[in-house]
S.K.: 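I'd like to ask you about the structure that follows.
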Amino acid sequence: MLDQLKRMAVLATVVEQGSFVAAARQLQTTTSAVSQQVRALERDMGITLLHRSTRKLSLTPAGERFHAGCAAMLSAARGAQQQLIQLRDAPEGELRVAAPVGFARQLGPALAPLLQAHPGLSLHLEVEDGFTDLVDRRIDLAIRFGRLPDSSWVAQRIGEKSIALYAAPAYLAQRGVPAQLSDLADTGHDWLALRSGTDQPLALSLRRGDEALQLSLRPRASSNNQLSLQQLCEAGLGLAMLGGDDVSESVQAGHLLPLLPGLQLPPLPIHALTPQRDAQPAKVRHAIAALRAFLSAAPPG
């Protein structure tokens, strides 16, 4: 069947180009190979499709009727190929993105230039902090922070988020304000952590000037949601590592206080996750590039 379809495409090309020589040039093969394909088609169909002469080729009456179907088949194949090329090279269709609640507000300014430049592209945003099944939810691209669990998803690091240590004034009034790095080793402090589905100790590597500290903590409270973690911190439940841009309003309002200026905390890596690495559609490639550019241009925090 596949050989027959190939021969039908060759016949359509011969008629389209007007000669075996021109068809062979178009198909990047030899004239004899093209002639053999047409003869094999006539043999299989049991009827002559082309009149051959030294001056020109012409379709027989049966060939004219058969050629119409061959030409339609070839046109449909070329159209399908062109659609794939367009999907590969030009962002269009619906882009389905999953992102954490805390990052959702940045997706608008990050992706707006892409959407404005490509009217055929639309956006659907799934805002959540859990790990979505990309295939089941038809997600094209997921944004995730921090350490990633093992999965079949393909991760690309597209940026990082600077974090600092914060606490509520009420908490500090009860437990004291850490003045130096070694004060954080005090077991009297409660910690809050951003993580999902684990009860393993939280390992931290901290540095401030010439001081260094390694901690293994069991958080007093944890959440997979950055906003919830911030609210727990504002309620005075402990120390939390939070992004400066996320808590700027709370700091200005006096609900949170930054601790230990100069404290160096490992930044949170930001990853773009996709169901596959190779042959990504243009909408996904362009979206990842837009997010990477936005994050690289954004101030740290």
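These numbers come from a predicted model, not from an experiment.
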S.K.: Under the 3.5 angstrom rule, does the side chain of S35 hit a backbone N or O of T31 as a donor-acceptor pair?
M.R.: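 A pair under 3.5 Å: no.
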
S.K.: For the side chain of D183 and the backbone of Q180, is there at least one donor-acceptor N/O pair under 3.5 Å apart?
M.R.: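 Here the side-chain-to-backbone pair exists.
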
S.K.: So, for A167 and L259, which heavy atoms are closest and what is the spacing to 0.1 Å?
M.R.: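 Shortest heavy-atom contact: CB-CD1, 3.9 Å.
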
S.K.: With sequence neighbours left out, what residues match Q26 under side-chain contact (heavy atoms from CB on, under 4.5 Å)?
M.R.: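 Scan of Q26 (side-chain contact (heavy atoms from CB on, under 4.5 Å), adjacent residues dropped) gives T13, Q17.
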
S.K.: For S205 and Q214, does a side-chain donor sit closer than 3.5 Å to a side-chain acceptor?
M.R.: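 Yes, a side-chain donor-acceptor pair sits under 3.5 Å.
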
S.K.: Count I, L, V, M, F, W, Y as connected when their side-chain heavy atoms are under 4.5 Å apart, and connections chain through other members. Are L41 and M73 then in the same cluster?
M.R.: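 Yes; tracing contacts between hydrophobic side chains, which count when under 4.5 Å, links both residues.
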
S.K.: Atom CG of L256 and atom CG of L242: how far apart are they, to the nearest 0.5 Å?
M.R.: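 L256 atom CG to L242 atom CG measures 7.0 Å (nearest 0.5 Å).
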
S.K.: Nearest 0.5 Å, please: how far is CG in L49 from CE in M8?
M.R.: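 So the gap between those two atoms works out to 10.0 Å.
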
S.K.: Are V127 and V97 joined in one hydrophobic group, where the rule is that I, L, V, M, F, W and Y side chains link up if heavy atoms are under 4.5 Å apart?
M.R.: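 Looking at the clustering, V97 is in the same group as V127.
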
S.K.: Contact between F294 and L114 at the side-chain level, heavy atoms closer than 4.5 Å - yes or no?
M.R.: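 Counting from C-beta outward, F294 and L114 never come under 4.5 Å.
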
S.K.: For atom CZ of R39, decide whether the heavy atoms of other residues, nucleotides or ligands shown that lie under 6.0 angstrom number more than 12.
M.R.: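 Incorrect, the count does not exceed 12.
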
S.K.: Does any non-hydrogen side-chain atom of L227 lie less than 4.5 Å from one of L229?
M.R.: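 Answer no - side chains too far apart.
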
S.K.: Output, in order, the C-alpha distance, side-chain angles, deciding distance and verdict of side chain to side chain contact (heavy atoms under 4.5 Å, CB included) for R137 and E126.
M.R.: CA-CA 9 Å; R137 301 283 288 278; E126 298 263 344; 2.3 Å; yes

S.K.: Name the residue from E234, Q231, H255 that meets the side chain to side chain donor-acceptor pair (under 3.5 Å) definition with S250.
M.R.: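 When E234, Q231, H255 are each tested with S250, the side chain to side chain donor-acceptor pair (under 3.5 Å) holds only for E234.
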
S.K.: List the steps and the verdict of side chain to side chain contact (heavy atoms under 4.5 Å, CB included) for H124 and L95.
M.R.: CA-CA 6 Å; H124 174 74; L95 175 66; over 6 Å; no

S.K.: Assess, by modelled atom type and distance only, whether the side chains of H189 and Y171 contain a donor and an acceptor separated by less than 3.5 Å.
M.R.: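 Yes, Y171 and H189 have a side-chain donor paired with an acceptor closer than 3.5 Å.
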
S.K.: About how many Å separate CD of E160 and CD1 of I158, when rounded to the nearest 0.5 Å?
M.R.: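 If we round to the nearest 0.5 Å, I158:CD1 and E160:CD are 12.0 Å apart.
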
S.K.: Using the side chain to side chain contact (heavy atoms under 4.5 Å, CB included) rule, take R220 and W191 through it: C-alpha gap first, then chi angles, then the decisive distance, then the call.
M.R.: CA-CA 6 Å; R220 175 74 186 279; W191 288 78; over 6 Å; no

S.K.: Taking P261's backbone N and O only, do any of them form a donor-acceptor pair with R208's side chain (distance below 3.5 Å, no angle check)?
M.R.: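 Such a contact is found between R208 side chain and P261 backbone.
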
S.K.: Side-chain contact, heavy-atom cut-off 4.5 Å: R96 with L141?
M.R.: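 Sidechains of L141 and R96: no contact.
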
S.K.: Quick one: closest heavy-atom pair of A110 and P113, and the distance?
M.R.: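 Distance-wise, the nearest heavy atoms are O-CD, 3.8 Å.
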
S.K.: Any non-hydrogen side-chain atom of L172 less than 4.5 Å from a side-chain atom of L257?
M.R.: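 Answer yes - side chains close enough.
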
S.K.: Hey, are the side chains of L123 and L107 touching, using non-hydrogen atoms and a 4.5 Å cut-off?
M.R.: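 Contact flag for L123/L107 side chains = no.
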
S.K.: Measuring only between side-chain heavy atoms, which start at C-beta, is L239 closer than 4.5 Å to Y166?
M.R.: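 Heavy-atom side-chain distance check fails, nothing below 4.5 Å.
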
S.K.: Taking only Lys NZ, Arg NE, NH1 and NH2, and the carboxylate oxygens of Asp or Glu, determine whether R105 and D246 approach each other closer than 4.0 Å.
M.R.: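 D246 and R105: salt-bridged.
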
S.K.: For L121 and L115, work out which heavy atoms get closest and say how close.
M.R.: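 In terms of heavy atoms, the two residues are closest at O-CD2, 3.6 Å.
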
S.K.: For A282 and P91, work out which heavy atoms get closest and say how close.
M.R.: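 That closest heavy-atom pairing would be CB-N, 3.7 Å.
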
S.K.: What's the separation between atom CD1 in I288 and atom CZ in R292, rounded to the nearest 0.5 Å?
M.R.: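 These two atoms lie 7.0 Å from each other.
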
S.K.: Do L260 and L206 share a hydrophobic cluster, counting only Ile, Leu, Val, Met, Phe, Trp and Tyr and linking them when any side-chain heavy atoms are less than 4.5 Å apart?
M.R.: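 In one cluster: yes.
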
S.K.: Do L74 and V34 sit in one hydrophobic cluster, given that two such residues count as connected whenever their side-chain heavy atoms are within less than 4.5 Å of each other, even indirectly?
M.R.: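 Different hydrophobic clusters.
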
S.K.: Report the distance from atom CZ of R25 to atom CG of L27, rounding to the nearest 0.5 Å.
M.R.: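 Going from CZ on R25 over to CG on L27, the span is 11.0 Å.
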
S.K.: Assess whether salt bridge (charged side-chain N to carboxylate O under 4.0 Å, His left out) is satisfied between E92 and K283, documenting all intermediate values.
M.R.: CA-CA 6 Å; E92 64 176 22; K283 61 183 179 181; over 6 Å; no

S.K.: Does any non-hydrogen side-chain atom of K161 lie less than 4.5 Å from one of D245?
M.R.: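 Sidechains of K161 and D245: in contact.
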
S.K.: List the atom of G18, the atom of L57, and the distance in Å for their closest heavy-atom pair.
M.R.: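 So the minimum-distance heavy-atom pair works out to O-CD1, 4.4 Å.
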
S.K.: When you look at E42 and I47, which way does the side chain to side chain contact (heavy atoms under 4.5 Å, CB included) test go after all the steps?
M.R.: CA-CA 5 Å; E42 291 176 320; I47 193 168; over 6 Å; no

S.K.: Can you name the nearest heavy-atom pair linking T48 to T60, along with the distance?
M.R.: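 Taking every non-hydrogen atom into account, O-OG1, 2.8 Å.
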
S.K.: Going from OG on S228 to CG on L192, what distance comes out if it is rounded to the nearest 0.5 angstrom?
M.R.: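 Spacing of OG (S228) from CG (L192) equals 11.5 Å.
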
S.K.: So which pairs with a foot in residues 90-111 pass ring-ring contact (aromatic ring centres under 6.0 Å, His included), sequence neighbours left out?
M.R.: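 Sorted pair list: F103-F145.
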
S.K.: Taking S222 for its side chain and P219 for its backbone only, find out whether a donor-acceptor pair lies under 3.5 Å.
M.R.: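 Absent.
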
S.K.: Within the 4.5 Å heavy-atom criterion, are I163 and L268 side-chain neighbours or not?
M.R.: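 They are in contact (side-chain heavy atoms under 4.5 Å apart), so the answer is yes.
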
